[in-house]
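This report concerns only the one structure given below.
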Amino acid sequence: QVQLVESGGGLVQAGGSPRLSCTASRKASGNIFSINGMGWYRQAPGKQRELVAYIISGGSPNYADSVKGRFTISRDNGQNTVDLQMNSLKPEDTAVYYCKAVVNYVANWGQGTQVTVSS
């Protein structure tokens, strides 16, 4: 029902500042398309998927402690997009980054985009 298209990422040097973007759209016309929240998670090799940053509609951003002060999440409600500005990247930020959108109270995931930070 919902398609999430992610962009950004790739190979960056430590200290770099890439930006990830995600756009949510419905695959076909139908019911009301209500986004309850959007954000980003990541999964490093051998580790569980973890929250990076998330915004509940009408709420304040929520960040993982490991990225506070370095990453900034922003939403454009009119365009159904969520961006993640990543600054001062560290090698430990290397992971596959996944966009998540809760639409009509159902969680939807993007296909993931790889971010690799070289030291």
Side-chain touch Arg42/Glu50, heavy atoms, less than 4.5 angstrom: yes

Nearest heavy atoms of Thr94 and Gln114, plus distance in Å: CG2-NE2, 4.0 Å

Non-hydrogen side-chain atoms of Ser21 and Thr81 separated by less than 4.5 Å: no

Greater than 12 external heavy atoms within 6.0 Å of Gln79's CD: no

Approximate separation, where rounding is to 0.5 Å, of Arg26 CZ and Asn104 CG: 8.5 Å

Nearest atoms (heavy-atom pairs only) where Leu11 meets Ser118: CD1-CB, 4.3 Å

Approximate separation, where rounding is to 0.5 Å, of Ser25 OG and Leu4 CG: 7.5 Å

Heavy-atom side-chain contact between Leu20 and Val115 under 4.5 Å: yes

Side-chain donor-acceptor contact under 3.5 Å, Ser17 with Asn87: yes

Distance, nearest 0.5 Å, that separates CG of Asn62 from NZ of Lys68: 7.0 Å

Salt bridge present between Asp93 and Lys90 (N-O < 4.0 angstrom): no

Test item: Arg75 and Ile35 side chains (from C-beta on) under 4.5 Å apart, heavy atoms: yes

Heavy-atom pair with the smallest gap, counting every atom of Cys99 and Met38: SG-CE, 4.3 Å

Nearest-0.5 Å distance that lies between atom CD1 in Ile73 and atom OH in Tyr63: 6.5 Å

Where Glu6 and Gly110 come nearest, the two heavy atoms and their spacing: OE2-CA, 3.4 Å

Within-4.5 Å side-chain heavy-atom neighbours: Gln111 and Val5: no

Closest approach of Ala14 to Pro91 (non-hydrogen atoms, all atoms of both residues): CB-CD, 4.4 Å

Shared-cluster residues of Tyr98, by chain and number - hydrophobic side chains joined below 4.5 Å: Tyr41, Leu51, Tyr54, Ile56, Val96, Val102, Trp109

Closest approach of Ser88 to Arg70 (non-hydrogen atoms, all atoms of both residues): O-NH1, 2.9 Å

Side-chain donor-acceptor contact under 3.5 Å, Asp83 with Gln85: no

